[in-house]
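Reviewing the structure listed below.
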Amino acid sequence: MKNKTSVVPREGEAQPSRCADNSAFKQQRLPAWKPQLTIASVLSSFFLTGAFCLTVGVCLVLSANSVREIQIDYSDKCSDCSKLRENSSNWNKECHCSINFTLKEDILGDVFMYYGLQNFYQNHRRYVKSRSDAQLLGRNVNVSFLFLSYCAPFSTYRNGTPMAPCGAIANSMFNDTIDLFYNYKSSVIQVPLLKTGNSWWTDKNVKFRNPESYNLSSAFAGTARPPYWQKPVYLLDEEDERNNGYVNDDFIIWMRVSAFATFRNLYRRLRRVQRFAEGLPAGNYTFQISYNFPVTRFKGRKHVILSTVVWSGGSNPFLGIAYLVSGTAATLAGFVITGIHLKLRKKKTYFQKQ
């Protein structure tokens, strides 16, 4: 074995010091503040926190309860269409159903229409990753890139034609068409609904772009629609050319996946004009549904929801309940600490008298 050699300083040469620098930080001379916790400060912090959380929780719960909401499950009411959609060979056959309901009171203000899905899991890792952000930004994505992307097996067809848009998320897009009609006396009035302006601004203007071309159909030339779609991406909205392609609001909202198996997505907003300027008047209404989205195979349910919103959001009371639980826990902890303190103080006084 070789002997280890050590470096010996020469005669007259200063040996390097191993001590830390003589600074306030390295010598731990920085000024410090150590809080002195007293019973008054501890109890006041617990009770103030509890009072704040309880106040906010009560406000949030009352606000959520003030939301007007109507939810209708049409999974069984459209059972004939559901059986038709169980067979994938009937994808090109249309099926319609109608659902009647009554509003006993006016729904004033802005009214939002949602579609809800139950037992539909969008949080699977492979499902969440099954998309091409480069394609959704309108870039020229070639076939070889799609083969290597996470879109597979919904990337290209067997003949090599790329899908636009690709991926499992886009392929499973909700495609039921829901119209609302107001039965006024002997006439039927279609309720005006807005299909644009429902998505997030950042999604509409930053994350999604159409390919650049002189028209949209030529921009998607050489591509094909996903297997479960009935229309190509550039014909999603035949009434509004600006709401087509990757910037279609319904498509953008669907591409923002949910973290839970039961969720709702914004579908339409009430256009407050003429008879509906103040909201939805009381009376009889009908939902006309073009049934295209099958849910039987995964034991799912479908809902259509009419709801208003308040300053705190929709009718979800979870945040208010969380504040109430936190406030109650803080207040109870304050009372427990107070009881322990009084008990110990009595003991201390007793032993001092002895």
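Among pairs with a residue in residues 64-123, those fulfilling disulfide bond (SG atoms under 2.5 Å apart) read Cys78-Cys97, Cys81-Cys95, at least two apart in sequence or across chains. Residue pairs meeting the side chain to side chain donor-acceptor pair (under 3.5 Å) criterion with at least one member in residues 172-186, sequence neighbours excluded, are Tyr74-Asp176, Tyr127-Ser172, Asp176-Lys302, Asn183-Thr286. Applying the salt bridge (charged side-chain N to carboxylate O under 4.0 Å, His left out) test to every pair with at least one member in residues 75-84, sequence neighbours left out, gives these pairs: Asp76-Arg301. Legend: salt bridge (charged side-chain N to carboxylate O under 4.0 Å, His left out) pairs involving residues 314-340, not counting sequence neighbours: none detected. For residues 105-117, every residue pair satisfying the side chain to side chain donor-acceptor pair (under 3.5 Å) rule, not counting sequence neighbours, is listed here: Asp110-Arg272, Tyr115-Asn265. Legend: ring pair (Phe, Tyr, Trp, His ring centres under 6.0 Å) pairs involving residues 303-344, not counting sequence neighbours, sorted by first then second residue: Phe47-Phe335. Applying the side chain to side chain donor-acceptor pair (under 3.5 Å) test to pairs two or more places apart or on separate chains, those with a residue in residues 41-57 are Thr38-Ser41.
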Could you walk me through whether Trp254 and Phe120 pass the ring pair (Phe, Tyr, Trp, His ring centres under 6.0 Å) check? CA-CA 13 Å; Trp254 178 259; Phe120 188 92; 5.7 Å; yes

Pair Phe181-Ile189, side-chain contact (heavy atoms from CB on, under 4.5 Å): steps then yes or no: CA-CA 6 Å; Phe181 293 89; Ile189 304 172; over 6 Å; no

Which is it for Arg85 and Asn292 under the side chain to side chain donor-acceptor pair (under 3.5 Å) test, yes or no, and what are the steps along the way? CA-CA 7 Å; Arg85 291 290 176 244; Asn292 300 308; 3.2 Å; yes

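At a threshold of 4.5 Å between non-hydrogen side-chain atoms, the residues Trp200 and Ile253 do not count as touching. Within the 4.5 Å cutoff, side-chain heavy atoms of Leu270 are placed close to those of Leu280. Within the 4.5 Å cutoff, the side chain of Cys151 has no heavy atoms near those of the Met163 side chain. The shortest side-chain heavy-atom distance between Lys207 and Leu136 does not fall under the 4.5 Å cut-off. Counting heavy atoms from C-beta on, the side chains of Leu306 and Phe101 come closer than 4.5 Å. Residues Thr262 and Leu117 have side chains not in contact (no heavy-atom distance under 4.5 Å, counting atoms from C-beta outward). You'll find the side chain of Thr331 stays beyond 4.5 Å of the side chain of Phe46, heavy atoms only. Val233 places none of its side-chain heavy atoms less than 4.5 Å from the side chain of Thr223.
Of the possible donor and acceptor atoms, none in the side chain of Ser315 sits under 3.5 Å from a partner among the backbone N and O of Val67. A distance-only check finds a donor-acceptor pair linking the side chain of Ser258 to the backbone of Phe260 [under 3.5 Å]. Formation of a donor-acceptor pair under 3.5 Å by the Arg256 side chain with backbone atoms of Asp203 is not found in this model. Side chain of Asn284 to backbone of Thr102: no donor-acceptor contact under 3.5 angstrom is found. With hydrogens and angles ignored, the 3.5 Å screen pairs a side-chain donor or acceptor of Arg269 with a backbone N or O of Thr196. The backbone N or O of Cys166 sits less than 3.5 Å from a side-chain atom of Gln135, completing a donor-acceptor pair. Judged by distance alone, with hydrogens and angles left aside, the side-chain atoms of Asn210 form a donor-acceptor pair with the main-chain N or O of Asn244 at under 3.5 Å.
Here the closest non-hydrogen pair linking Gly320 and Leu60 is CA-CB, 3.6 Å.
Lys26 is linked by a salt bridge (charged side-chain N to carboxylate O under 4.0 Å, His left out) to Asp21, counting only residues two or more places apart in sequence or in another chain. When the salt bridge (charged side-chain N to carboxylate O under 4.0 Å, His left out) test is applied to Arg242, the partners found at least two apart in sequence or on another chain are Asp240. Applying the ring pair (Phe, Tyr, Trp, His ring centres under 6.0 Å) criterion to Phe220, with sequence neighbours excluded, gives Tyr246. For Lys204, the salt bridge (charged side-chain N to carboxylate O under 4.0 Å, His left out) partners two or more places apart in sequence, or in a different chain, are Asp249. For Glu69, the salt bridge (charged side-chain N to carboxylate O under 4.0 Å, His left out) partners two or more places apart in sequence, or in a different chain, are Arg264.
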